[in-house]
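Notes to accompany the following structure.
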Amino acid sequence: MFPTPLSLEEAAALSPQTVLLAVQGWLHTEQQLTAFQQQMTAFQAQIDALKHQLDWFKRQTFGQKSEKRIPEVPAQQLTLAEALGIETPVPPAAAPTRRIPAHTRKSACSKTEDRAEAVPFFDADQVPVTTIEVPNPEIAGLTPEQYTVIGTKETYRLAQQPGSYVVIKYVRPVIKRLDTQIIHCPAAPVGVLEGSRADVSFAAGIVVDKFLYHLPLYRIHQRLQDGGFTLSRPWLTRLIQQIVGLLEPIHDAQLASIRASRVKAMDETPIKAGLKGPGKMKQGYFWPVYGEQDEICFPYCESRRAEHVDQLLGLTAPPGSILITDGYAAYSRYAQKTEGLTHAQCWAHTRREFYESQDADPQRATVALDLIGQIYAVEAEIREQGLKGAQKHALRLTKAKPLVEAFFTWVADTAADTGLLPSNPLSKALAYAHKRRAGLEVFLSDADVPMDTNHLERGLRVIPMGRKNWLFCWTELGAKQVGIVQSLLTTCRLHDINPYDYLVDVLQRVGQHPASRVAELTPRLWKQHFAANPLRSDLYNILK
């Protein structure tokens, strides 16, 4: 079968399939044997890659998506008591038991529960309270002279009405002055939307329900019908569109503020928007961008093309600007043609590559994850100490920089291992980190640059949450409106602003506020100028 006899070592290295084929006479030359072994190696690499992809899809569908690692405790590690030389008490033996006949016992009154019910768990300035007087049965048939009220006890219970919507009826008297014989009637209060039956409280509430709590309009419509209201769904849709039209200039001012930031973070996330064909939706993208003043905007574009980065950020940047992103090549190309811009890379995305390679090479993937974890520990120390500016920069250079250098030294040494196939997930993770080294080291030279884009990832969660509830946007204009509202509501959360109070105030104020000072109505500046004394709805004044 073979031109030259094989040694024992060579024969032992053959796989059973190769031996079987050789015995059957299928391999007649050494070249055929070599080609077959190469083909089998390629097939095995392809099978391993497909298995890795299948495992990834299974995790996304059925498994845990969290990338948090909980290292196993070594078996030889001592407990804290053993390390300190403290004798561990032996648990007492179980006490002997005996059976007793069943009986009914009167339950004791729990004073703890009684005290818990008496503790207020709400903000009395915001929550309406309905008081119910509980009569004392001991005074039945007694006159007021026969007992004395020495005090009261209060118990609070959380209750809910079937519907929380209220109709405000404005009664306007029509009078006729006897001296002039002229009939007068006061005008109805001006609403935020001219000619609309929606009060500002309802307008703000429906925006919060749909975009903050992700209730589709058809569910809001059903709840209104169950509450006794006869309204059409198209009316609710037009109402949302009119509200967004009032908020759009504020969104544009906030996006301009983000563009002017020196340090920005950017990402992209998909959304189904617009009808592509019968039963098919177009794939669009939100491009969330996060500014250094804790502001976020969700501009919408119809694709993921690199040109959208140029359109959204512009080709001019403030001096010393830094853009931190994931590894998408569009951002690298944008940074190359934008003068004065430094491109920083995200450590969380780099870590994810090694996290997903654990199945292929758990030992070396664990080394990488441990090294990256030590770098993150330095950032945790910075947060705990509340360091800023020069102190933060100094600690990064002292502690984080040696760890970063050790990590990339390990990456280079491991990548030099010829035993790693290019298709191995660990090889891809090593190449990903090595190619982006310059961007991953930017945070060491600038204290204002974060290690990753996790702050942006947390902010854009509202889009995936929406996809799970309202699924898609019917038109591209609808996607643009979603981005406008979510930009303002998410920024409210970032600045600890009640979104409902913000919308009630801004919707009343935007029509009379000077256009040149529209930036004052963005959540960040609104908190400084108007949050202390916001405009309220008539319903708030009635309930108060």
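Keep in mind it's a predicted model, so treat the numbers as computed, not measured. Hydrogens, waters and symmetry mates are skipped; everything else that's a heavy atom, side chains included, is used.
Remark: the Thr491 side chain and the Glu295 side chain contain no N/O donor-acceptor pair separated by less than 3.5 Å. Remark: the Tyr170 side chain and the Asp538 side chain contain an N/O donor-acceptor pair separated by less than 3.5 Å.
Ring centers of His434 and Phe408: at least 6.0 Å apart, outside the cut-off. The ring of Trp470 has its center no closer than 6.0 angstrom to the ring center of Phe211.
Contact check on Asp448 versus Arg262 returns a salt bridge, with a Lys/Arg side-chain nitrogen under 4.0 Å from an Asp/Glu carboxylate oxygen. Of the charged side-chain nitrogens involved, at least one lies within less than 4.0 Å of a carboxylate oxygen, so that Arg437 and Glu441 count as a salt-bridged pair. Ion pairing of Glu379 with Arg396 is present here, as a side-chain N (NZ or NE/NH1/NH2) and a carboxylate O approach within less than 4.0 Å.
Other residues, nucleotides and ligands contribute only 12 or fewer heavy atoms inside 6.0 Å of the NZ atom of Lys401. Atom NZ of Lys210 has more than 12 neighbouring heavy atoms from other residues, nucleotides or ligands inside a 6.0 Å radius.
Aromatic ring orientation, Phe472 versus Trp474: tilted (interplanar angle from 30° to 60°). Aromatic ring pairs are classed by plane angle as parallel below 30°, tilted from 30° to 60° and perpendicular above 60°; the pair Tyr331 and His343 is tilted.
With sequence neighbours excluded, the residues satisfying salt bridge (Lys or Arg N to Asp or Glu O under 4.0 Å) with Lys399 are Glu381. In this view, Tyr376 satisfies the ring pair (Phe, Tyr, Trp, His ring centres under 6.0 Å) rule with no residue, not counting sequence neighbours.
Geometric assessment of Arg304 against the ring of Tyr328 yields a positive cation-pi assignment under the 6.0 Å and 45° thresholds. Cation-pi check for Arg352 over Trp347 is not met; the charged atom does not lie both under 6.0 angstrom from the ring centroid and within 45 degrees of its normal. Judged by the 6.0 Å distance and 45° axis criteria, Arg436 is positioned over the aromatic ring of Tyr432.
Side-chain atoms of Lys480 never come within 3.5 Å of backbone atoms of Tyr300 as a donor-acceptor pair (strictly under, hydrogens ignored). Under a 3.5 Å cut-off, the side chain of Asp446 and the backbone N or O of Val442 do not form any donor-acceptor pair. Without hydrogens or angle criteria, Ser537 side chain to Tyr540 main chain gives a donor-acceptor distance under 3.5 Å. Under the 3.5 Å distance criterion, the side-chain polar atoms of Thr338 are left unmatched by any main-chain donor or acceptor of Ala335. At least one donor-acceptor pair under 3.5 Å links the side chain of Ser357 to the backbone N or O of Phe354. Under the 3.5 Å distance criterion, the side-chain polar atoms of His221 are left unmatched by any main-chain donor or acceptor of Leu217. In this structure a side-chain-to-backbone donor-acceptor pair under 3.5 Å is missing from Ser257 to Ala253. Distance alone, capped at 3.5 Å, is enough to place a donor-acceptor pair between the Gln254 side chain and the Ile296 backbone.
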Taking distance alone, no hydrogens or angles, what donor-acceptor pairs closer than 3.5 Å link side-chain atoms of residues 309-318 to residues at least two apart or in another chain?
{"residue": "Asp310", "atom": "OD2", "partner": "Lys337", "partner atom": "NZ", "Å": "2.7"}
{"residue": "Gln311", "atom": "OE1", "partner": "His308", "partner atom": "ND1", "Å": "3.2"}

Quiz: residues 180-194 side-chain donor-acceptor pairs under 3.5 angstrom, not counting sequence neighbours:
{"residue": "Thr180", "atom": "OG1", "partner": "Ile182", "partner atom": "N", "Å": "3.4"}
{"residue": "Gln181", "atom": "OE1", "partner": "Lys176", "partner atom": "NZ", "Å": "3.0"}
{"residue": "Gln181", "atom": "NE2", "partner": "Leu178", "partner atom": "O", "Å": "2.7"}

For residues 280-289, which side-chain donor-acceptor pairs fall under 3.5 Å, sequence neighbours excluded?
{"residue": "Lys282", "atom": "NZ", "partner": "Glu476", "partner atom": "OE2", "Å": "3.3"}
{"residue": "Trp287", "atom": "NE1", "partner": "Ser303", "partner atom": "O", "Å": "3.4"}

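Using a 4.5 Å cut-off on side-chain heavy atoms (C-beta onward), Ile375 and Met451 make contact. Side-chain contact between Arg351 and Asp452 is absent, with no heavy-atom pair separated by less than 4.5 Å. Side-chain contact between Ile220 and Ile206 is present, with heavy atoms from C-beta onward closer than 4.5 Å. Side-chain contact check for Thr325 versus Asp267: every heavy-atom pair is 4.5 Å or farther apart. Considering only heavy atoms from C-beta on, Leu231 comes within 4.5 Å of Arg197 through its side chain. Using a 4.5 Å heavy-atom threshold, the side chains of Asp294 and His455 count as separate. At least one side-chain heavy atom of His513 sits less than 4.5 Å from a side-chain heavy atom of Phe530.
Atoms CG and CZ, from Leu224 and Arg233 in turn, are 12.0 Å apart once rounded to the nearest 0.5 Å. The distance from the NZ atom of Lys468 to the CD1 atom of Ile463 is 13.5 Å, given to the nearest 0.5 Å. The CD1 atom of Ile271 lies 9.0 Å from the CG atom of Leu471; values are rounded to the nearest 0.5 Å. Rounding to the nearest 0.5 Å places CD of Gln486 at 11.5 Å from CD1 of Ile484. Within the model, atoms CG of Leu503 and CD of Gln508 stand 11.0 Å from one another, a figure rounded to the nearest 0.5 Å. Distance check: Ile324 CD1 to Leu456 CG gives 9.5 Å after rounding to the nearest 0.5 Å.
Among all heavy-atom pairs drawn from Leu387 and Gln391, the shortest one is CD2-OE1, 3.6 Å. Of all non-hydrogen atoms in Ser196 and Leu239, the two that sit nearest each other are OG-CD1, 4.3 Å. Between Asn454 and Ala348, the shortest heavy-atom contact is OD1-CB, 3.5 Å. Nearest heavy atom pair, residue Phe443 against residue Val449, reads CB-O, 3.7 Å. When all heavy atoms of Ser487 and Cys297 are compared, the closest pair comes out as OG-CA, 3.3 Å. Ala204 and Val504 get closest at one heavy-atom pair: CB-CG2, 3.6 Å.
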Check step by step if side-chain contact (heavy atoms from CB on, under 4.5 Å) holds for Val166 and Phe202.
-> CA-CA 9 Å; Val166 179; Phe202 179 80; over 6 Å; no

Test log, rule side-chain contact (heavy atoms from CB on, under 4.5 Å), inputs Val462 and Phe298 | CA-CA 10 Å; Val462 294; Phe298 297 89; 4.0 Å; yes

Assess whether side chain to side chain donor-acceptor pair (under 3.5 Å) is satisfied between Thr490 and Arg461, documenting all intermediate values.
-> CA-CA 10 Å; Thr490 306; Arg461 283 179 183 173; over 6 Å; no

side-chain contact (heavy atoms from CB on, under 4.5 Å) between Leu507 and Ile243: does it pass, once the steps are laid out?
-> CA-CA 8 Å; Leu507 289 176; Ile243 295 170; 4.0 Å; yes

Could you go through the side chain to side chain donor-acceptor pair (under 3.5 Å) check for Tyr156 and Glu154 one step at a time?
-> CA-CA 7 Å; Tyr156 299 92; Glu154 298 175 345; 2.8 Å; yes

What do the steps show when you test His349 against Thr453 for side-chain contact (heavy atoms from CB on, under 4.5 Å), and what is the final call?
-> CA-CA 9 Å; His349 285 82; Thr453 59; 3.6 Å; yes

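Counting only residues at least two apart or on different chains, the side chain to side chain donor-acceptor pair (under 3.5 Å) pairs with a member in residues 493-506 are Asp501-Arg536, Asp505-Arg509, Asp505-Trp526.
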